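These notes concern the structure reproduced below.
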Amino acid sequence: MSMSWHLETFARAFCNKFTVPSDIYVVPTCDPDSNLPGETLSQRLSQLKTVSEGLNGNGERAWHASIFSGVFKGQPETAWSAALLLLKGVTQAQTEESFTSRRPALQPMPVNFQDSRLALKDLAGILFKEFKEKKRNRDLVAVIAIGQIALEHIPPEHSPRHSTLIDLADILSEQFNKKMGKDDADESTTSEQAVPKFMSPDEPHRKTILHEGGDSLREGSRRGGSMADPEETISFPRVVLERTPPLDQCRPLLDLANTFHKQFQKEGTESSIAEAVRLARAALGIYPPGHPAHTQSLGCLTHYLEAKVRKEALPTHVGGPAAGPPSSGSFDIEAFIEKVVFEKVKTIPLRLLHTPTGVLCGRDAQISHFKGSFQYKQLLSLVSLLDTQRLKMEIDDVLSEYFEFVTLSHRWGRGEPLLHEVQRKSVYDLGGTDGEAKLQMFCILALRRNFQWAWSDTCCIDKDSSAELQEAIGSMFSWYYWSSLTIVHLPDVFDTGSPVGSVWFSRGWTLQELLASHTVLFYTHSWSLCMNSDAVNHKMVPALLEELQNATGIAKQHLTNFSPGTGDARSRLHWASSRRTTRPEDIAYSLFGIFQVHLPILYGESAHDALGRLLAEIISRSGDVSVLDWVGESSSFNSCFPVDLTPYQKVPHFQLIPSDPSRRNNLDPEKAQKLYSELGRLPRAGFVNSKLTLPSIVHPVTAVKLRGSSIRPLRFTYEIYASRLQPLNVALSVELDESVDSYILVRLWHPKSLSQQTNHGVEALPELLEKFEQPFNALLLKRLPHNEYTRIASDCTITACVQDLASILDSEVLIPEIV
C-alpha cells in the first residue's frame, strides 16, 4: 500500500506524458553490516513489479521495474548519485519541453512543473537533515552533490531557496572541517553570502537566519585562517545591514564593526579600527542608556577605542535586540526644555570631553548632543502625559543622569595635551606622549563605566584666558564634588597593592580632589585597579580607608563626607602642610575650594602674598584665630601669618592642669561679671586695610632677661615676665629692645568661646574661670608708632600660665591692629 502511494506521487510530479519515466530502478542502499538477507531484496523487487504493473492501466505509463546489480550494496553515496542523475535528466527534459510548447511566453506554468524542480529541493532537505542527525560520513559527497544540483533548478525568486543555501553551507563547512579544502570553504562562504539576496522580506525568521549566517561566516573565517578572504567576510554583514530596517540595525552594526575589528587584529590597518569605532558609535545611538543593547554597544565601543589608542587587539562580543525611538510631542516644549538645560549646564564644567567620540565640547556642543539623544526625544513625547510640574521634575532627573561626568585626578607628566591641541579633533586620534595616552585611557575607562562626559584639568581649561582660569580654579572643588566618579591615575604604583605610597598624596591640588570626590577609584601605572578590588568606590573599602586616614592624617568622616568651609581651619591647614605644588602660589590657590573662598588668582604674586590673602579671608569670614597658632618665620604679608604652610605640620597640644573649684570661692563676683561683659562685647578677629584686628586679653611685659644666645643659628633665649602671668622662657631669632614697655603678651579671644559654654550669664562664670586657669599659647607683640603692633616670631611655642584667678579678673581687654 505504501509503495503504491509513493509511485502515484512520483508520477503526478511529471505533468507531461512524454516526460514520465518508463523504468524504475530499485537501488539497495542497506548498510554492509546489516543482517538483511538477500531473499528479502528479491521479495521487495517482486512486490514493486506487481504494484507498478497495476498502475500501468491508465495508458500513459509503461512502468518497468528492475534492480541494479549488487555493486551498489553498501555504497549508498553511489546509489544516490545514480538516482540524482535520473531526476536531473527528467527535470532538464521537462524544461526543454516547456520552452518548445506553443503556449504564450507570459502564460503561467502549471503548478506541477514547479513541483518537479522542488522535488529536488525536498530531497536535498531530507538528506541534509538525516546527515546532521546521523553524521554518516560516507554520505557527505552525495549529499553535497544533491544540494548543489537542487540549487541549479530552484528558481531564484522562490523563497525556499535560502534554506537550501544555508543547509549546503553547513554541509560544506562540515566537509571543510574534515578535509581542510579551500574549495569547500569558498563555496560555503559563497552560499552564506547569497542568503540575504534570496530571502523574502516577509520571512518570519529573517533576523534569526541572518544573524546565524553571520555567526557561521565568522566561525568559518576563524577556522579558515589565511584562506579566509577578508572582503568576503565583510560583505555579508554589510549586505545584512543594508537589508535591515533602521530600528533593527544595532546587531548588524555591531556584527560589521566586529568584522572590521577582526581585520584590524590581523592586518593592523587604522582604517579598519576607525570603521569599527564609527559603526559601534552608530549602534550606541539606537538605544537609551540602561537598555541591554546600549550596554552591549558601549562595551564594544570601549574595546575598539582601547584597541585604537593602544594599537593592539582586544576581544569583543556583540549582540542584542533592537528598539526604536519614541514619538515626539507638540507644544513649545523644546524651548521649555532648552531653558532647563541651559540652567543645568551652568553647574558643570565649561568644557567636557564626549567619551564616545573623544571630541572636546563647549556649552553649545553639550546642548546639541543632548538634543540629538534618545533622552531628549523621550522628553518630547511626555508633553501630553505630564503636567508642567511633573514634567519639570522629569526633565531635571533626565538631565542629571545625562550630564553625569567623570573627573581625572593625576600628577601632570610629560606631554600633557592642552586645549589648543585637542580642539576640533578626537583625543583618540592623538598619540606620541605619555600625557596623550593617559587622556585616552581615562576617556575609555569613563566610557566603559557608561559615562559619556569626562573632564581633565589638562585640556578642558583655556589657561591663556585669565577669566576662564579664574572661574575654573574657583569652581574646581565643586566640579569634583558633583562628578559621579573621580579616576585617580598613579603612574608610580606598578602593582595592585596599596596606593598610599604614591607621590600623588604629597601634591597640593590632589588634596581637594580627594576630599571633594564622593566616589574615587585608584588606578595603577598600567590602568589596573589598585588592591585587586572590584569595588565601585575605594573610599568605601574599609582596609583602604584606614590606610588613607593614616597616610593623610584626615579622619574617615572627612574622607567620606567632607563639607567645604572655614570651620576647623587649623586642621585643614595641617592636612595641606606637607604637600607641595610646582608653582609656589598654587599651594594657596589649591585650598580655595576646601575653605570655600573666592579670591582673585594672581599668578606671579609671591607665595607669601597668596597664602596671606587666604589666611586673611579665613579670619575675616570666621574669626577663627587658631590659624595664628604657629611657630616659625613671619610672612611679609602680615607678621601674624607664617611664610608658608610648614608650621602647621605641628598640632598644638596642651597639658591641662586639674581644676580646683575651691580656688574660686573668694573671687570678687562684680569683677567677674564685668570681665564677662567686656569679653561678650568684643568682636571677632578681622582683616581690614592690610591690618589684622585681634581681640585679646593683654598681659604687658614687665621685664626681659637674656639667658643665652648663639650665632649659628642666630638665636636669643629670654626669660620674660608679664603681669598676671608666671615667668616663661622664649627662644627668638631677633634681639629684644631694652625698653620692655613696648612689648605685650596677648591671649587671643574668639566670641565663640562664650557661645560654646553650657551656661550663660552669671551661671557661666565658673566655667569661664576654669578655662582661664588652663595654659594657653601667647603671641608676643611689639608696639609700633601710630598704635600699631607687629608680631615677634618665636622659634618655640610661647606657653603661658596665669599666676592666680584673682589677677585674671583685673585683665585688660584690647583690640590691637597688627601689621
Side-chain angles (χ1 to χ4, degrees), residues 281 284-285 287-291 294-295 297-298 301-302 325-326 333-382 386 390-409 419 422 426-427 439 442-462 468 471-472 474-487 513 516-521 536-537 593:
R281 283 175 181 152
L284 188 67
Y287 298 93
H291 193 285
H294 183 277
T295 303
S297 303
L298 182 65
L301 179 57
T302 56
I333 187 174
E334 295 188 18
F336 183 70
I337 294 176
E338 186 169 352
K339 179 181 178 182
V340 182
V341 171
F342 183 75
E343 293 300 318
K344 173 64 179 179
V345 297
K346 288 196 298 187
T347 65
I348 64 177
L350 175 64
R351 294 183 180 84
L352 288 171
L353 289 162
H354 187 236
T355 57
T357 61
V359 175
L360 188 64
C361 297
R363 289 274 191 265
D364 292 341
Q366 293 166 17
I367 296 174
S368 177
H369 273 289
F370 177 69
K371 286 187 173 181
S373 69
F374 178 90
Q375 293 91 325
Y376 181 74
K377 296 181 178 67
Q378 193 172 40
L379 286 177
L380 292 178
S381 68
L382 296 177
L386 303 176
R390 292 176 59 196
L391 182 61
K392 175 66 164 56
M393 295 173 59
E394 183 68 21
I395 293 173
D396 288 338
D397 291 342
V398 169
L399 291 179
S400 296
E401 181 178 351
Y402 182 83
F403 284 108
E404 287 184 332
F405 62 95
V406 181
T407 47
L408 175 65
S409 180
L419 174 67
V422 301
S426 170
V427 298
L439 184 64
F442 162 61
C443 289
I444 290 171
L445 278 177
L447 181 59
R448 182 171 293 154
R449 292 183 175 272
N450 209 22
F451 296 103
Q452 64 173 326
W453 301 106
W455 184 87
S456 169
D457 60 352
T458 56
C459 62
C460 296
I461 303 174
D462 184 0
E468 183 174 331
E471 179 185 354
S475 305
M476 204 172 294
F477 184 94
S478 65
W479 291 343
Y480 280 96
Y481 183 86
W482 291 112
S483 70
S484 298
L485 168 66
T486 294
I487 290 176
E513 295 160 12
S517 306
H518 295 288
T519 303
V520 173
L521 288 175
V536 296
N537 184 5

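Being a predicted model, the structure only gives us computed values, none of them experimental.
- Residues I348 and W455 fail the side-chain proximity criterion, which asks for heavy atoms closer than 4.5 Å.
- Nearest heavy-atom pair across A472 and I461 is CB-CD1, 3.7 Å.
- Between R281 and G358, the shortest heavy-atom contact is NH2-N, 4.3 Å.
- Across all non-hydrogen atoms, the minimal contact from D462 to E468 is N-OE2, 2.9 Å.
- The CZ atom of F336 sits 12.5 Å away from atom CG of L380, with the distance rounded to the nearest 0.5 Å.
- Between T355 and F451, the closest side-chain pair of non-hydrogen atoms is not below 4.5 Å.
- Going from atom SG of C460 over to atom CH2 of W453 covers 11.0 Å, rounded to the nearest 0.5 Å.
- R363 places a side-chain N or O within donor-acceptor distance of the main-chain N or O of P349, the cut-off being under 3.5 Å.
- Residues T458 and L408 form no side-chain contact, since every pair of their non-hydrogen atoms from C-beta on lies 4.5 Å or further apart.
- The backbone N or O of E471 lies less than 3.5 Å from a partner atom in the side chain of S475, making a donor-acceptor pair.
- Side-chain atoms of H291 and F374, non-hydrogen and from C-beta on, never get closer than 4.5 Å to each other.
- Between F370 and V398 the shortest side-chain heavy-atom distance falls below 4.5 Å.
- Ion pair E334/K371 not flagged as a salt bridge, since none of the NZ, NE, NH1 or NH2 atoms sits closer than 4.0 Å to an Asp/Glu carboxylate oxygen.
- Looking at L284 and H294, their side chains come closer than 4.5 Å, going by heavy atoms from C-beta outward.
- Of all non-hydrogen atoms in L360 and C459, the two that sit nearest each other are CD2-O, 3.5 Å.
- One finds the CG atom of L352 at 4.5 Å from the CD atom of Q366 (value rounded to the nearest 0.5 Å).
- The nearest pair of heavy atoms linking Y402 to Q452 is CE1-NE2, 2.8 Å.
- Here the straight-line distance linking atom CD of E394 with atom CD1 of I337 works out to 10.0 Å at 0.5 Å rounding.
- Side-chain atoms of H369 and C361, non-hydrogen and from C-beta on, do get closer than 4.5 Å to each other.
- Within the 4.5 Å cutoff, the side chain of D396 has no heavy atoms near those of the M393 side chain.
- The CD1 atom of I487 lies 11.5 Å from the OG1 atom of T519; values are rounded to the nearest 0.5 Å.
- For the atom pair CZ of R390 and CD1 of I395, the computed distance is 13.0 Å after rounding to the nearest 0.5 Å.
- Using modelled atom types, one finds a donor on one side chain and an acceptor on the other under 3.5 Å when comparing T486 with T407.
- The two atoms that bring F442 and V406 nearest to each other are CZ-O, 3.5 Å, heavy atoms only.
- Screening Y480, Y481, W482 for a ring-ring contact (aromatic ring centres under 6.0 Å, His included) with H518, the sole residue that qualifies is Y481.
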